[in-house]
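Some notes on the structure that comes next.
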Amino acid sequence: MTDRFQWLDAVAQADLVRKREVTPSELLEAAIARAERVNPELHAILTPLYAKARKAAADPALPLGALHGVPFLLKDIMGYSAGDPYHMGMKALRDFVAPHDTYLVAKVRAAGLVVMGRTNVPELGTIPSTEPLAFGPSHNPWDPTRSPGGSSGGAAAAVASGIVPLAHANDGGGSIRIPASVCGLVGLKPSRGRSSLGPDLGDGVGGLSVEGSVSRTVRDTAVFLDVIEGLMPGDPYAAPTPQRPYGEEVGIDPGSLRIGVMMQAPGAACVVHPDCVAAAEDAATLLASLGHRVESSHPAALDDSETFQHFGVMFAVSTARLLDGIGDLLGRTLGADDVEPFNWALAEMGSAVSARQYLRTVDWLFGYTRRVAAWWADGFDLLLTPTVAEPPWTLGGFHSVDPMMAGLRSQSLCAFTGPFNMTGQPAISLPLAWNGDGLPIGVQLVGAYGREDVLLRVAAQLEAARPWADRYPPISA
């Protein structure tokens with residue numbers, strides 16, 4: 001059963017409201033009905049906020065922003081929303097309520113979006129598969145035995161199934177792009193500093209983590225980026241100001257770009273599945289047919305053997321500090337019984353890192369970023385890779401192994417995405433392929449720092465050349 005709004009993107013839904021062809025309340029009720037049909041199977045929405053959403057949608061003072069009246073979901077990591085439960089996938093936070101809105105949520109509300117719930121996440125967002133022990137796994141609408149990715153897996157499952165057209169997501173190692181890849185969505189990781197993490201954070205995971213969305217169309221991704229971008233008081237840094245609104249980049253001819261292609265995982269960190277290689281090769285052929293200059297090339301620094309060692313240091317130290325902060329919120333010190341084994345082991349590793357070791361990693365990351373960025377400065381516009389090295393995987397593979405193996409598994413799934421959290425560059429996953437089992441296979445494009453405009457132009461060009469809007473998963477609202 002479908003309704004006439006189900007597969008409309010957020011821009012189209014907002015346009016209907018603007019033309020007075022539908023009210024925000026009507027859009028919301030349709031979205032709630034869709035959620036009630038499929039969420040019991042997908043477990044994408046962890047915390048329904050339907051009563052508050054109904055009040056907001058019916059309020060004549062609902063802001064007349066760019067996405068006025070469109071139903072929306074917040075991810076349950078970052079994105080505090082005042083008075084709402086906030087769990088981060090942790091049993092220790094079952095009774096915690098967010099004290100205020102973050103700057104991002106304030107901007108979401110100012111855009112006229114109607115927040116109807118919060119989505120499921122892996123505990124602390126540290127693994128790329130949404131299966132928290134405290135709340136149970138989310139399921140991929142293309143095959144419910146498989147993961148929707150992580151850490152924005154609940155958000156991706158909700159959008160892919162048609163509950164909402166657009167949902168909040170964030171990315172510290174691939175957490176936007178990986179769920180987008182395995183759920184058949186558009187997922188843009190913006191440049192470091194593109195949007196604020198305030199007022200509670202200056203940056204996340206030492207600058208690796210950024211805010212964004214998952215959506216079904218490039219224009220929704222672009223318009224949402226316009227909603228959240230921009231420096232806020234006290235932010236430690238900001239990405240370069242865009243030349244024009246990102247929504248206006250959609251449809252602009254990108255010209256003939258020089259695009260490098262990388263099929264092997266950085267540093268040969270894992271074996272790339274033939275389906276993922278085939279998807280990237282097909283995308284390269286498509287880009288060449290559109291007039292781009294495509295060649296086999298990538299930054300040599302991506303193959304540095306130290307890369308994931310330093311990536312691990314950043315996450316370990318940040319996890320240890322995060323658990324300290326959560327303990328401060330709860331008024332007690334957290335112990336091993338409060339945290340999943342992998343995250344406790346990660347925090348223990350972080351606690352053993354000295355200040356000198358941590359600063360060595362920070363300095364190494366600065367040098368690594370310069371070495372990677374030099375490839376773009378030498379004349380390339382984009383890098384094309386698979387988003388993930390394998391098709392959507394079966395749920396249950398992270399808690400049945402020891403923490404070290406879970407870490408190695410996470411590293412393998414983040415092989416193509418994690419390096420660009422370290423460099424701060426924008427990267428987008430596009431749903432350009434499906435394999436013989438009917439599962440989506442995403443392809444990643446990476447731009448120079450601050451050049452989301454180039455990524456969005458090319459993404460829109462690919463979307464027009466090979467539309468994906470008519471592909472719906474078996475589990476649809």
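Because the structure is predicted, anything quoted here is derived from the model rather than measured.
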Any chance you could lay out the side-chain contact (heavy atoms from CB on, under 4.5 Å) test for D226 and E249, step after step, and finish with the verdict?
CA-CA 11 Å; D226 285 324; E249 298 293 349; over 6 Å; no
Start with the C-alpha gap between M90 and V339, add the side-chain angles, then the distance that decides, and say whether side-chain contact (heavy atoms from CB on, under 4.5 Å) holds.
CA-CA 7 Å; M90 292 190 73; V339 185; 4.1 Å; yes
Step by step, work out the salt bridge (Lys or Arg N to Asp or Glu O under 4.0 Å) result for R109 and D101.
CA-CA 10 Å; R109 297 194 200 279; D101 283 353; 2.8 Å; yes
For the pair E26 and D3, evaluate side-chain contact (heavy atoms from CB on, under 4.5 Å) and give the outcome as yes or no after the intermediate values.
CA-CA 11 Å; E26 288 172 321; D3 58 65; over 6 Å; no
Please step through side-chain contact (heavy atoms from CB on, under 4.5 Å) for the pair L432 and W468, ending with a clear verdict.
CA-CA 7 Å; L432 288 172; W468 51 74; 3.8 Å; yes
Using the salt bridge (Lys or Arg N to Asp or Glu O under 4.0 Å) rule, take K55 and D59 through it: C-alpha gap first, then chi angles, then the decisive distance, then the call.
CA-CA 6 Å; K55 184 177 179 180; D59 189 343; over 6 Å; no
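Nearest heavy atom pair, residue L188 against residue T221, reads CB-CG2, 3.6 Å. Residues G69 and L27 share a closest heavy-atom pair of O-CD1, 3.4 Å. The nearest pair of heavy atoms linking S412 to E390 is OG-OE1, 4.5 Å. Taking every heavy atom of both residues into account, P148 and S138 meet most closely at CD-O, 3.3 Å. For the pair Y50 and A35, the tightest heavy-atom approach, listed with the atom from each and the gap, is OH-CB, 3.3 Å. Across all non-hydrogen atoms, the minimal contact from G247 to V223 is CA-CG2, 4.2 Å.
Using a 4.5 Å heavy-atom cutoff, the side chains of N421 and F315 are not in contact. At a threshold of 4.5 Å between non-hydrogen side-chain atoms, the residues I428 and V186 count as touching. Residues P254 and H292 form a side-chain contact, since some pair of their non-hydrogen atoms from C-beta on lies under 4.5 Å apart. Between R409 and V401, every side-chain heavy-atom pair lies at or beyond the 4.5 Å cut-off. In this structure, L290 and L462 have side chains that are in contact, with non-hydrogen atoms separated by less than 4.5 Å. Contact annotation: the side chain of P266 never approaches that of T307 to less than 4.5 Å [non-hydrogen atoms, C-beta and beyond]. The closest side-chain heavy-atom distance from K189 to L455 is not below 4.5 Å. Side-chain contact check for L395 versus H139: some heavy-atom pair is nearer than 4.5 Å.
Judged as a ring-ring contact (aromatic ring centres under 6.0 Å, His included), the pairs with a partner in residues 110-136 (not counting sequence neighbours) are, in order, H87-F135. For residues 277-290, every residue pair satisfying the side-chain hydrogen bond (donor to acceptor under 3.5 Å, both in side chains) rule, not counting sequence neighbours, is listed here: D282-R466.
Not one N or O on the side chain of S129 forms a donor-acceptor pair closer than 3.5 Å with the backbone of G149. Put simply, the side chain of R192 never gets that close to the backbone of V210: no donor and acceptor are under 3.5 Å apart. Checked by atom type and distance alone, the side chain of D9 never pairs as donor or acceptor with a backbone atom of P165 at under 3.5 Å. Side chain of W142 to main chain of C183: a donor-acceptor pair is present (N/O by atom type, distance under 3.5 Å, no hydrogens or angles). With hydrogens and angles ignored, the 3.5 Å screen pairs a side-chain donor or acceptor of R216 with a backbone N or O of V164. Between the side chain of T119 and the backbone N or O of G154, no donor-acceptor pair lies under 3.5 Å. Between the side chain of D275 and the backbone N or O of P391 there is no donor-acceptor pair closer than 3.5 Å. A distance-only check finds no donor-acceptor pair linking the side chain of K75 to the backbone of V121 [under 3.5 Å]. Under a 3.5 Å cut-off, the side chain of D220 and the backbone N or O of V11 do form a donor-acceptor pair. At distances below 3.5 Å, at least one donor-acceptor pair connects side-chain atoms of N435 with backbone N or O atoms of D437.
Looking at E29 and R54, a side-chain N of the basic residue comes within less than 4.0 Å of a carboxylate O on the acidic one, giving a salt bridge. The pair K19-D15 meets the salt-bridge criterion, since a charged nitrogen lies less than 4.0 angstrom from a carboxylate oxygen.
Within a 6.0 Å radius of CD in E463, other residues, nucleotides and ligands contribute more than 12 heavy atoms. More than 12 heavy atoms of other residues, nucleotides or ligands sit less than 6.0 Å from atom CG of D402. Annotation for R20: atom CZ does not count as buried by contact number, only 12 or fewer foreign heavy atoms lying within 6.0 Å.
Judged as a side-chain contact (heavy atoms from CB on, under 4.5 Å), and not counting sequence neighbours, the contacts of T417 are R177, I178, T387, C414, Q444.
Atom NZ in K91 sits 9.0 Å away from atom CD in E340 (nearest 0.5 Å). Atom-to-atom distance recorded for E295:CD and L384:CG is 12.5 Å, nearest 0.5 angstrom. Rounding to the nearest 0.5 angstrom, the gap separating the CZ atom in R451 from the CG atom in L382 is 9.5 Å. Rounding to the nearest 0.5 Å places CZ of R34 at 6.0 Å from CD of Q6. Once rounded to the nearest 0.5 Å, the distance linking CZ of F420 with CG of D171 reads 12.0 Å. D76 contributes atom CG, which lies 12.0 Å from atom CD1 of I45 (distance to the nearest 0.5 angstrom).
When each of V108, V214, L104 is paired with H168, the side-chain contact (heavy atoms from CB on, under 4.5 Å) condition holds for L104 and for no other.
Using cut-offs of 30° and 60° for the angle between ring planes, the Y86 and Y80 rings count as perpendicular. Below 30°, between 30° and 60°, or above 60°: for F311 and F308 the angle between ring planes is above 60°, a perpendicular geometry.
There is no side-chain donor-acceptor pair under 3.5 Å between N120 and T130.
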